[in-house]
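Computed from a predicted model, the values in this text were never measured in an experiment.
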Amino acid sequence: AKSIVVLVSGNGSNLQAILEQISLGKINGKVTAVVSNKQSAYALTRAKEAGIPAIFIDHKSFASRESYDQALKKSIDEFTPDLIVLAGFMRILTPEFVDYYSARMLNIHPSLLPKYKGLDTHQRAIDAGDVEHGASVHFVTPELDGGPVVLQSKVPIFERQDPDELAQRVQQQERQMYPLVISWFCSDRLKMQNNKAMLDDKILAEMGYA
Ligand code: GAR
């Protein structure tokens with residue numbers, strides 16, 4: 001099974017969904033550590049409850065982004081990861097860090113990329129008058145939220161849409177799609193090549209494309 005290190009900053013509902021699919025045998029992997037830059041992240045509690053090392057590395061105790069990322073890397077590499085999963089990790093990573101984990105780091109972003117990179121995506125989609133919104137799973141490259149997209153899931157934006165309700169529907173989709181993409185990676189059916197996502201023919205057939 002592949003070693004997966006999950007980076008978090010918050011609630012950890014995506015982490016929970018991944019752990020559930022692993023325990024159901026749907027992912028050929030094991031979460032070997034969960035690392036947070038926020039001590040209060042509920043995701044750390046979820047990790048502890050699952051018996052997984054839950055590590056807090058405080059960005060406030062480092063002078064620079066580079067030194068923080070070096071500490072993060074050192075901590076992560078103790079678990080010899082095959083895959084780094086960003087699951088609500090709310091910190092920009094240095095290009096050095098991203099390049100070091102090139103082609104083995106995934107992120108989930110709450111928008112239909114390339115729309116709405118960055119923060120406050122749900123409100124921005126509503127304000128723009130969009131009729132649909134969603135989430136994207138992508139490989140991480142140095143361009144913020146700009147790496148190759150693997151899978152997207154759409155939800156409608158309703159009349160007089162409340163942003164929190166929209167976020168909930170998007171997150172429900174996230175909990176379906178992120179474990180699926182991770183399962184592909186862990187069974188060597190998904191790669192990044194030439195800055196593009198590449199799926200093997202077997203998955204394409206399963207999805208009805210081949
Ligand atoms: C998710 O909606 C995820 O897409 C978003 O944070 C939430 C984390 O939820 N990520 C970003 O905005 C990344 N910039 P969770 O902690 O319950 O998994």
Side-chain angles (χ1 to χ4, degrees), residues 1-10 12 14-15 18 27-38 41 43 47 53 55-119 121 135-152 174 177-200 203:
K2 306 263 192 214
S3 166
I4 305 169
V5 171
V6 182
L7 306 192
V8 297
S9 305
N14 279 289
L15 169 68
I18 295 160
I27 297 174
N28 176 32
K30 185 180 171 200
V31 176
T32 48
V34 173
V35 184
S36 175
N37 67 320
K38 289 265 167 68
I55 299 159
F56 163 55
I57 307 178
D58 190 1
H59 55 256
K60 288 181 201 126
S61 53
F62 292 86
S64 67
R65 210 171 266 287
E66 284 71 23
S67 60
Y68 180 79
D69 281 7
Q70 262 169 33
L72 193 59
K73 179 178 146 202
K74 194 162 170 254
S75 169
I76 291 171
D77 280 354
E78 284 177 35
F79 301 92
T80 53
D82 300 294
L83 175 65
I84 314 297
V85 167
L86 307 183
F89 186 67
M90 301 304 283
R91 230 185 113 74
I92 293 175
L93 295 161
T94 56
E96 292 73 25
F97 182 95
V98 171
D99 283 336
Y100 178 75
Y101 294 111
S102 177
R104 50 181 177 130
M105 182 153 56
L106 292 168
N107 182 40
I108 190 153
H109 181 76
S111 79
L112 296 173
L113 289 171
K115 281 189 153 184
Y116 314 125
K117 297 173 178 177
L119 299 176
T121 58
S136 308
V137 176
H138 65 94
F139 279 104
V140 179
T141 63
E143 191 199 336
L144 179 68
D145 298 327
V149 170
V150 180
L151 193 62
Q152 293 187 312
E174 291 186 2
M177 73 195 287
Y178 212 4
L180 181 63
V181 171
I182 291 166
S183 78
W184 293 342
F185 186 91
C186 289
S187 54
D188 296 317
R189 294 186 293 167
L190 166 67
K191 289 183 170 52
M192 187 176 94
Q193 221 166 68
N194 301 322
N195 219 49
K196 288 200 177 91
M198 193 170 91
L199 293 182
D200 79 4
I203 307 182

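- For the residue pair S3 and T80, no side-chain donor N or O sits within less than 3.5 Å of a side-chain acceptor on the partner.
- A197 and P148 make their closest contact through N-CB, 3.7 Å (heavy atoms, listed as atom of the first residue, atom of the second, distance).
- A donor-acceptor pair is defined here as one N or O able to donate and one able to accept, closer than 3.5 Å; no such pair exists between the side chain of R91 and the backbone of R65.
- Between the side chain of Y178 and the main chain of L15, no donor-acceptor pair closer than 3.5 Å is present.
- Looking only at distances, no side-chain donor or acceptor of S136 sits under 3.5 Å from a matching main-chain atom of Q152.
- I55 approaches I57 most closely through the heavy-atom pair CG2-CG1, 3.9 Å.
- For the atom pair CZ of F97 and CE of M105, the computed distance is 5.5 Å after rounding to the nearest 0.5 Å.
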side-chain contact (heavy atoms from CB on, under 4.5 Å) assessment of I4 paired with F185: CA-CA 11 Å; I4 305 169; F185 186 91; over 6 Å; no
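- Among all heavy-atom pairs drawn from R104 and P81, the shortest one is NH1-O, 3.2 Å.
- Heavy atoms from other residues, nucleotides or ligands lying under 6.0 Å from NZ of K30 number 12 at most.
- The distance from atom CD of E96 to atom NZ of K73, rounded to the nearest 0.5 Å, is 9.5 Å.
- Distance alone, capped at 3.5 Å, places no donor-acceptor pair between the N194 side chain and the K196 backbone.
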Intermediate values then yes/no, side-chain contact (heavy atoms from CB on, under 4.5 Å), L72 and L7: CA-CA 10 Å; L72 193 59; L7 306 192; 4.2 Å; yes
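- With hydrogens and angles ignored, the 3.5 Å screen pairs no side-chain donor or acceptor of S36 with any backbone N or O of A41.
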side-chain contact (heavy atoms from CB on, under 4.5 Å) evaluation trace for Y101 with V140: CA-CA 9 Å; Y101 294 111; V140 179; over 6 Å; no
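- Formation of a donor-acceptor pair under 3.5 Å by the T121 side chain with backbone atoms of P110 is found in this model.
- Counting only distance, with no hydrogens or angles, the side chain of H109 and the backbone of G146 share no donor-acceptor pair below 3.5 Å.
- Checked options T32, D188, N28; the residue passing with K2 is D188 (criterion: side-chain hydrogen bond (donor to acceptor under 3.5 Å, both in side chains)).
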side-chain contact (heavy atoms from CB on, under 4.5 Å) between D69 and Y100, intermediate numbers included: CA-CA 11 Å; D69 281 7; Y100 178 75; over 6 Å; no
